[in-house]
There are 2 protein chains.
Amino acid sequence: MAVGNTLRAPMSVHANRTQMTRALLSLRERILSGEFKPGDRMSELPLVERLGVSRTPLRLALVSLEHEGLLRSLPAGGYVVREFTRADIRDAIEIRGVLEGTAARFAAERGASRRDLRALRTINDSVEPLVRRADYESFERYVALNEAFHERLLRMAESPLLRRTIEGVLSLPFASPSALVLQHAQLPESREILIVAHRHHVGLVEAIAQREGARADGIAREHARLSLTNLEIVLSHQGLLDEVPGAALLTLAPDD
Amino acid sequence: MAVGNTLRAPMSVHANRTQMTRALLSLRERILSGEFKPGDRMSELPLVERLGVSRTPLRLALVSLEHEGLLRSLPAGGYVVREFTRADIRDAIEIRGVLEGTAARFAAERGASRRDLRALRTINDSVEPLVRRADYESFERYVALNEAFHERLLRMAESPLLRRTIEGVLSLPFASPSALVLQHAQLPESREILIVAHRHHVGLVEAIAQREGARADGIAREHARLSLTNLEIVLSHQGLLDEVPGAALLTLAPDD
DNA sequence: CACCGCCATGTTGCATGCAGAAATGTGTCT
DNA sequence: AGACACATTTCTGCATGCAACATGGCGGTG
């Protein structure tokens, strides 16, 4: 299965060759890691020094990051790091659920090939034994298979536009399904969540095979909401939150 | 003072002051108007000549247009104009319906203020007599009020993320509600569509006021599908299509 | 003491020169 | 005549210098 990849790129993490890509990846990582706090001004000259790229590719990266939603442009010029609230997380997950539900519905309505259905079932069969195990390695394999499942599902929707839209939402922190799940692999609640998630996947394949679009939609929405449960688990266990990528961008005022 | 700018084209349609914005607006307009065809390479030097801006702001605009979806970046570098199919239009409208349905559901679930509800009803009352008239001026007023209605609804959803997502979809041609509606104002079918659309708006306000999220969602989705009807009308009347902005980006192979 | 204007500084936006790479055309060899 | 290698041209990507703008501090004045 070649799930490994843990030793990817020992020297420079960013193996890409254009300076703009380097700046983009590096900046995204640094923002999500909390190196810059919300509201921090992203002045170009200091960034040039830190990132080791020139101003030209840096500015291209800044434009991209604004489109991704991590930066906000000031009217007077320049960019600052965006701030996210708990309500933003909730909405991001809800919107992701709606869009993935639409993908599942499309897959159901437009008819899935036997080959695609078989691929989904194969993934589910591989996942099934993993949800009963609690070791970290199984968890990682689960995450990988989970991503494969969703990727296949998105392909089956046959809608480049829907893919683009979902990827746009996923570019925000916290919206990603795996963003909130890896941190608490050892907790008992997480195992229960995995069991439910697996059931959702099985139901999704059934619904798509039967061309039941509404059921597929509903299951996918509920499936995304598991991330909300994950969020609550992370928030209820002090200390776990710091492990979540992008946690530094959160305002933890107890609003909702 | 007032030293510079004496030669700054006063008649330029784009009154914005930064060169990047100028390039962005001008390029977007030219692409949608069909000055560039799908697959055309957007070489920088010719564009510099045509747009009158330097390469640096031009490249920033190209990055933005790629994020908007009008351009596609080549692996070897550079950009080409994207191509859209009828399936893309259909999906764009469907996805917009899903997202606006979510906005309406949010507004219903989260509770609308009397003030917001009154504003929506006021708009609807102003629209109501317009749907019975067929002159172009009434049509323009209708479009303006329609946009105000949707803007208000989006505000009532109270979700910056949902707004961002919807605007991302709307940045594509054909996805906009008004994109396909202005061209056939004089056709009798369009009047019927307006009547149905008005009914949708009334139902939306009712559902939101009663906090009936599912009903609001359903109405908004069906409302968006009116654009599909508009699309079919435009496609069935030869010659109308050329008036639609971005029509040149379409492949009119009779696929679906 | 408060407020206003001015200057200094830092920052963004822009233009252009240069280098490397891809694409294109040409000539030669088989 | 076709194909391959090489040269030329065009293009993108990058770095840097320059100018205008915004910002903040300081001093002067009411």
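So that the names make sense, note that chain A is the first sequence line, chain B the second, and so on, each numbered from 1.
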Subject >> Whole-Å distance separating the CD atom of Gln19(A) from the P atom of dC18(C) >> reply: 20 Å
**OP:** Measure from the side-chain heavy atoms of Ala76(A) and tell me the nearest of dT23(D), dA15(D), dC14(C).
**Re:** dT23(D)
**OP:** For residues Arg96(B) and Ser227(B), report the shortest heavy-atom separation together with the two atoms involved.
**Re:** NH2-OG, 2.7 Å
Original post:
Please give, in whole Å, the distance from dC14(D) P to Arg55(B) CZ?
Top reply: 11 Å
**OP:** Measure from CG on Leu60(A) to P on dG13(C) and round the result to the nearest Å.
**Re:** 12 Å
Original post:
Roughly how many Å is it from CG in Leu62(B) to C1' in dG13(D), rounded to a whole number?
Top reply: 13 Å
Subject >> N or O in side chain of Ser54(B) less than 4.0 angstrom from dA15(C) OP1/OP2 >> reply: yes
**OP:** Output the single nucleotide from dT11(C), dA15(C), dG17(D) whose closest atom is nearest the side chain of Leu45(A).
**Re:** dT11(C)
Original post:
Once you round it to whole Å, what is the distance between C1' of dA23(C) and CG of Leu74(B)?
Top reply: 13 Å
Original post:
With a 4.0 Å cut-off, would you call Glu68(A) and Arg28(A) a salt bridge?
Top reply: yes
Original post:
Under 4.0 Å between a side-chain N/O of Arg59(B) and OP1 or OP2 of dT12(D), yes or no?
Top reply: no
Original post:
What is the nucleic acid contact for Ser43(B), judged by heavy atoms within less than 4.0 Å: base, sugar-phosphate only, or nothing?
Top reply: sugar-phosphate
Original post:
Roughly how far apart are Thr56(B) OG1 and Arg55(A) CZ, rounded to 0.5 Å?
Top reply: 10.0 Å
Subject >> Nucleotide dA15(D), atom P - distance to CG of Leu47(A) in whole Å >> reply: 14 Å
Original post:
Please give, in whole Å, the distance from dG13(C) P to Leu24(B) CG?
Top reply: 14 Å
Original post:
Atom CG of Leu58(A) and atom P of dT11(C): how far apart are they, to the nearest Å?
Top reply: 13 Å
Original post:
Of the nucleotides dT12(D), dA15(D), dC14(C), which one has an atom closest to the side chain of Met20(B)?
Top reply: dC14(C)
Subject >> Selection from dC11(D), dC14(D), dA15(C) that lies nearest to any side-chain heavy atom of Arg41(B) >> reply: dC11(D)
Subject >> Ion pair Glu83(A)/Arg72(A), N-O distance below 4.0 Å >> reply: no
**OP:** Check if the side chain of Arg17(B) and the base of dG13(C) share a donor-acceptor pair of N or O atoms closer than 3.5 Å.
**Re:** no
Original post:
Can you tell me if Thr122(B) and Arg118(B) form a side-chain donor-acceptor pair at under 3.5 Å?
Top reply: no
